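Here's the structure, in structure tokens; my notes come after.
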There are 2 protein chains.
Amino acid sequence: MAYPSKLTPEAIVEAASGLLRAGGAEAVGMRALASTLGVQPSSLYRHFADRAAVLAVLEDQTSLELNAALTRATAGLPPADALRAAGHAYLEFARSQPHAYGLLLMPRAPYTAQPGAGQDLWKSVLALVGAVTGQADDTAATVAFWAYLHGFATLELSGQFGRSGPRGGFERGLEALVMGLSHKDTP
Amino acid sequence: MAYPSKLTPEAIVEAASGLLRAGGAEAVGMRALASTLGVQPSSLYRHFADRAAVLAVLEDQTSLELNAALTRATAGLPPADALRAAGHAYLEFARSQPHAYGLLLMPRAPYTAQPGAGQDLWKSVLALVGAVTGQADDTAATVAFWAYLHGFATLELSGQFGRSGPRGGFERGLEALVMGLSHKDTP
DNA sequence: GTCTATAGCAGGATAGAC
DNA sequence: GTCTATCCTGCTATAGAC
């Protein structure tokens, strides 16, 4: 209840992050944000041009966190194991921060090369997959792997699996992909 | 410009479907819908209880269409080929009707057994996958297959692939999954 | 069964006082 | 740099006349 009484960009982002985690991107409104900070909505515009600017920061932040989680999970593992670990870490991230993950993968203007944090994430996955397929910059394989992870995460988060549960489904597909994408050097 | 001047549920749904295809679920508003039909918004409430009722009909309709597309594409094919064809038909549907597809896979309350059209769609895919894995009601394999298709479709539709394009990525993962999920009877 | 009119709510963003 | 006070726009839904 004690307000710092000093509004900084960092404090705003932190409060916005809390709203995002709690209620998704649509819960990050200028009114709610101001209310959380004990401030009037108009005060926020001294620090951020508009709502989109706030969301952009949250998106970059989330991208960095996911990238860090993947790097942490795969450190020191042989290629195939690293890919499996990355899959699990990816799903774990989506489960623990569903709304933030949702923000990360929001529809964007097609053919818009997103600069910044998103690129690093892509490069990380590209390297992981490339180590398994034995081919650098293997876009096709990376896209396939990413699609599976994203699809599973979103289907689960949106409740499509129902109470029947996907038990075993994730492992099943992950294994099929790791095997199917692996480079066979000794047939 | 010539208005039928007679409002029927069918006409409303048809107009709503047009709005959905053009601008997504959020474009299906009572105002826009009434405007399209040359009618006042309040008139719609004589035929539908509220906006949610309209969207529910659109969702069921879309589910039926997708199911029909998959059935059409896989008719008479051997299991593995049928699964490949289903994958292509699924992606094709998502590409040709992105907004309708998005409505179909919208977040819903978890553990809510959705009755009706959605169940049939699931059963169709379950049968296709089961024929390949050699195991009836193979939930795990079906979930994996579905996750891949949904993930690829949504990543592509949301523009995540950028201009680099996923060329070959879809085939790569689809093949890996069909192979990986296939039942080996003669090793 | 359609109309006019309006209630009610929520959201982003701005002007100008202090 | 924060405040008060609005403005504007968008939406769903209802009341009551015709």
Side-chain angles (χ1 to χ4, degrees), chain A residues 1-62 99-100 102-103 106-109, chain B residues 1-62 99-100 102-103 106-109:
Chain A
M1 298 306 195
Y3 304 129
S5 189
K6 207 70 184 172
L7 216 48
T8 67
E10 289 76 22
I12 295 176
V13 168
E14 191 178 332
S17 184
L19 290 175
L20 173 64
R21 276 162 232 262
E26 68 184 11
V28 183
M30 302 305 265
R31 284 174 138 87
L33 193 47
S35 170
T36 299
L37 291 161
V39 161
Q40 294 301 318
S42 56
S43 303
L44 299 172
Y45 292 87
R46 289 281 161 188
H47 304 272
F48 287 91
D50 51 19
R51 179 174 177 265
V54 178
L55 288 177
V57 172
L58 290 180
E59 191 176 331
D60 276 3
Q61 189 176 274
T62 302
H99 291 123
L103 176 65
M106 265 200 163
R108 47 191 86 250
Chain B
M1 300 305 193
Y3 304 131
S5 190
K6 208 68 182 171
L7 214 48
T8 67
E10 290 76 22
I12 295 176
V13 169
E14 190 178 334
S17 183
L19 290 176
L20 173 64
R21 276 161 233 264
E26 68 184 12
V28 184
M30 302 307 264
R31 281 168 138 83
L33 193 48
S35 170
T36 300
L37 290 160
V39 161
Q40 294 303 316
S42 56
S43 303
L44 299 171
Y45 291 87
R46 289 280 163 190
H47 304 272
F48 287 91
D50 52 18
R51 179 174 177 265
V54 178
L55 288 178
V57 172
L58 290 180
E59 192 176 330
D60 276 4
Q61 189 176 274
T62 302
H99 290 123
L103 176 65
M106 265 203 163
R108 47 192 83 251

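Chain identifiers are assigned alphabetically (A, B, ...) following the order of the sequence lines, protein sequences preceding nucleic acid strands; residue numbering begins at 1 within each chain. Only heavy atoms go into these numbers, but all of them, side chains included; no hydrogens, no water, no symmetry mates. Being a predicted model, the structure only gives us computed values, none of them experimental.
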As an exercise, state the distance from CG of B:L55 to OG1 of B:T62, rounded to the nearest 0.5 Å.
10.0 Å
Can you pull out every side chain to side chain donor-acceptor pair (under 3.5 Å) where at least one residue sits in residues 19-29 of chain B? Sequence neighbours excluded, please.
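The answer is B:S17-B:R21, B:R21-B:Q97.
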So the salt bridge (charged side-chain N to carboxylate O under 4.0 Å, His left out) pairs with at least one residue in residues 7-18 of chain B (sequence neighbours excluded) are none
Rounded distance (Å) that lies between atom [atom2] of [N] and atom [atom1] of [X]:
{"X": "A:L33", "N": "D:dT2", "atom1": "CG", "atom2": "P", "answer": "13 Å"}
{"X": "A:R46", "N": "C:dT14", "atom1": "CZ", "atom2": "P", "answer": "11 Å"}
{"X": "B:L44", "N": "C:dC3", "atom1": "CG", "atom2": "C1'", "answer": "13 Å"}
{"X": "B:Q40", "N": "D:dA17", "atom1": "CD", "atom2": "P", "answer": "18 Å"}
{"X": "A:F48", "N": "C:dA13", "atom1": "CZ", "atom2": "P", "answer": "13 Å"}

Where do A:V28 and A:A16 come nearest, in terms of heavy atoms and distance?
CG2-O, 3.8 Å
Kindly give the heavy-atom pair with the smallest separation between B:A25 and B:L103, and that separation in Å.
CB-CD1, 4.1 Å
Hey, can you pull the donor-acceptor pairs under 3.5 Å for the side chains in residues 40-50 of chain B, sequence neighbours left out?
{"residue": "B:S43", "atom": "OG", "partner": "B:Q40", "partner atom": "O", "Å": "3.3"}
{"residue": "B:D50", "atom": "OD1", "partner": "B:A52", "partner atom": "N", "Å": "3.4"}
{"residue": "B:D50", "atom": "OD1", "partner": "B:A53", "partner atom": "N", "Å": "3.2"}

Could I get the full list of side-chain hydrogen bond (donor to acceptor under 3.5 Å, both in side chains) partners for A:E59, not counting sequence neighbours?
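Counting only residues at least two positions away or on another chain, A:E59 forms a side-chain hydrogen bond (donor to acceptor under 3.5 Å, both in side chains) with A:R108.
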Return yes if the base of D:dC3 and the side-chain atoms of A:S43 contain a donor-acceptor N/O pair under 3.5 Å, otherwise no.
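No such pair is found, so the answer is no.
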Side-chain donor/acceptor of B:S42 to base of C:dT4, under 3.5 Å:
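Between C:dT4 and B:S42, which were checked side chain against base, a qualifying N/O pair under 3.5 Å is present.
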Under 3.5 Å, side chain of B:T36 to main-chain N/O of B:A32, donor-acceptor pair present?
yes
Terminal helix-axis angle for the helix from C:dG1-D:dC18 to C:dC18-D:dG1, with five pairs defining each axis and rounding to 10 degrees
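For the helix from C:dG1-D:dC18 to C:dC18-D:dG1, the axes at opposite ends meet at about 10°.
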With 3.5 Å as the limit, what N/O pairs link the protein to nucleotides 9-12 of chain C?
{"residue": "C:dG11", "atom": "N7", "partner": "A:R31", "partner atom": "NH1", "Å": "3.1"}
{"residue": "C:dG12", "atom": "OP1", "partner": "A:M30", "partner atom": "N", "Å": "3.4"}
{"residue": "C:dG12", "atom": "OP1", "partner": "A:R51", "partner atom": "NE", "Å": "3.0"}
{"residue": "C:dG12", "atom": "OP2", "partner": "A:M30", "partner atom": "N", "Å": "3.0"}
{"residue": "C:dG12", "atom": "N7", "partner": "A:R31", "partner atom": "NH1", "Å": "2.8"}
{"residue": "C:dG12", "atom": "O6", "partner": "A:R31", "partner atom": "NH1", "Å": "3.1"}

